[in-house]
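Notes follow the structure.
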Amino acid sequence: MAPTQQQQHSALPIVLVLSRDKVPSVKPCYCPLDTPRDRVIRQSYLALLDLFATTKVHPNRLIYAMAGMIYTLHAPAPFGGVHKFSTLATDTGTTANELLLYTVTRGFDHYFKFRDRGALKCIVARANKVLHYQTIGLKDALDEAMLKGMKKAGRITTYSAVVIPESLKHVDESSDTARVQVEFMANRHKIAAHARHNMPTPFSTPSPSSSAS
């Protein structure tokens with residue numbers, strides 16, 4: 001018996017793409033069967049960078065906040081469980097972009113190995129949640145998530161009070177009167193473009209390999 005359309009789609013690899021339908025978001029889509037794994041990871045990583053570049057805040061703030069929501073005790077594999085500062089810090093490099101690429105790579109490695117979409121759904125849900133929080137101005141929730149992400153990734157190694165760096169502070173999407181906000185708005189696309197052209201070294205050896213639910 002010939003495979004159904006759903007079965008044919010389930011055999012196709014998934015990639016994350018930026019959607020600008022009504023509000024910006026990322027969503028999983030099917031891509032051609034012969035799409036190399038490193039291309040899937042790269043395009044998904046860039047889609048997340050582009051998503052975070054749609055706001056007035058520095059993308060690093062949202063990357064760390066997303067990590068704070070992903071690396072939790074009850075998150076799906078391979079993100080769930082207790083992550084020691086030293087281990088995760090060693091694995092994720094030293095920059096926010098490296099942390100983002102590491103997270104995307106782990107999620108896709110798990111997906112390609114087990115055909116389990118749980119990790120990808122987690123990334124999509126947390127990325128869109130972070131953007132939503134930023135859009136509606138939930139500063140305190142984002143501050144908390146960002147600091148958790150920075151601690152998980154080893155960027156913060158102390159339990160004492162932490163002063164949020166100026167570049168990672170909240171910027172209200174409804175206000176552009178402050179000089180620092182205006183200056184950042186003029187440069188945010190440059191920041192995103194720089195990140196796109198300076199992609200961190202992949203965390204896994206690449207190998208070859210419409211919307212998905």
Side-chain angles (χ1 to χ4, degrees), residues 16-29 44-76 78-81 83 88 92 95-104 106-107 117-156 161-178 180-189 191-192 195-196 211 213:
L16 305 186
V17 300
L18 176 66
S19 171
R20 295 183 182 274
D21 183 20
K22 295 182 180 179
V23 295
S25 64
V26 288
K27 65 179 183 179
C29 286
S44 299
Y45 162 81
L46 294 178
L48 289 165
L49 279 181
D50 288 342
L51 176 71
F52 295 150
T54 63
T55 72
K56 295 179 181 180
V57 75
H58 198 293
N60 288 1
R61 174 177 170 84
L62 303 185
I63 290 173
Y64 285 126
M66 186 182 80
M69 295 181 183
I70 286 179
Y71 292 100
T72 62
L73 184 62
H74 300 294
F79 304 129
H83 295 271
L88 197 55
T92 60
T95 69
N97 286 350
E98 287 177 317
L99 172 61
L100 179 62
L101 179 59
Y102 170 81
T103 301
V104 172
R106 287 198 72 191
R117 302 181 185 181
L120 302 187
K121 290 180 179 179
C122 179
I123 292 174
V124 169
R126 301 304 185 271
N128 290 333
K129 184 175 184 178
V130 162
L131 190 80
H132 177 64
Y133 278 14
Q134 171 62 24
T135 302
I136 64 177
L138 293 184
K139 172 188 175 298
D140 292 343
L142 281 174
D143 281 349
E144 181 180 357
M146 180 190 69
L147 292 174
K148 284 182 179 179
M150 294 178 74
K151 287 181 179 180
K152 287 287 186 180
R155 310 302 192 263
I156 297 175
V162 176
V163 176
I164 296 177
E166 192 67 34
S167 64
L168 297 181
K169 287 185 176 179
H170 175 71
V171 177
D172 194 335
E173 293 295 312
S174 63
S175 171
D176 58 1
T177 55
V180 65
Q181 294 176 8
V182 175
E183 289 177 350
F184 180 72
M185 281 296 290
N187 292 311
R188 68 189 177 99
H189 293 297
I191 293 173
R196 292 177 67 90
S211 290
S213 59

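Only a predicted model underlies this, so the values are computations on that prediction, with no experimental measurement involved.
The two residues L131 and P24 come nearest to each other via the heavy atoms CD2-O, 3.1 Å. When all heavy atoms of F79 and R106 are compared, the pair lying nearest together is CE2-CB, 4.0 Å. The two atoms that bring T135 and E173 nearest to each other are CA-CG, 4.1 Å, heavy atoms only. Of all heavy-atom pairs between V124 and P28, the closest is CG2-CD, 4.2 Å. Heavy atoms only, all atoms of each residue included: V104 and I123 are closest at CA-CD1, 4.1 Å. The two atoms that bring P76 and G118 nearest to each other are CG-O, 3.7 Å, heavy atoms only.
A heavy-atom distance below 4.5 Å is found between the side chains of T103 and I70. Put simply, the side chain of M69 reaches to within 4.5 Å of the side chain of Y133, judged on heavy atoms. Taking 4.5 Å as the limit, every side-chain heavy atom of V130 sits out of range of all side-chain heavy atoms of L51. Looking at heavy atoms from C-beta onward, Y102 lies out of side-chain contact with E98 at the 4.5 angstrom threshold. Side-chain contact between H170 and I164: absent, with no pair of heavy atoms (C-beta onward) separated by less than 4.5 Å. Within the 4.5 Å cutoff, the side chain of N97 has heavy atoms near those of the L49 side chain. Annotation: side chain of L168 is in contact with side chain of M150 (closest heavy-atom distance under 4.5 Å).
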Assess the residue pair K152 and T72 against the criterion (side-chain contact (heavy atoms from CB on, under 4.5 Å)); give the C-alpha distance rounded to whole Å, side-chain angles, the decisive distance to 0.1 Å, and a yes or no.
CA-CA 9 Å; K152 287 287 186 180; T72 62; over 6 Å; no
Please walk me through it: do K27 and L18 pass side-chain contact (heavy atoms from CB on, under 4.5 Å)? CA-CA 7 Å; K27 65 179 183 179; L18 176 66; over 6 Å; no
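With sequence neighbours left out, V23 forms a side chain to side chain contact (heavy atoms under 4.5 Å, CB included) with no residue at all.
Remark: L46 CG to L16 CG distance equals 11.0 Å, nearest 0.5 Å. Distance check: S174 OG to I136 CD1 gives 12.0 Å after rounding to the nearest 0.5 Å. In this structure, the separation between OH on Y64 and CG on L142 is 15.0 Å, given to the nearest 0.5 Å.
Within the 3.5 Å criterion, the main-chain N or O of V171 finds a donor-acceptor partner in the side chain of Q134.
Counting only residues at least two apart or in different chains, salt bridge (charged side-chain N to carboxylate O under 4.0 Å, His left out) contacts with residues 137-150 comprise R61-D143, K139-D143, E144-K148.
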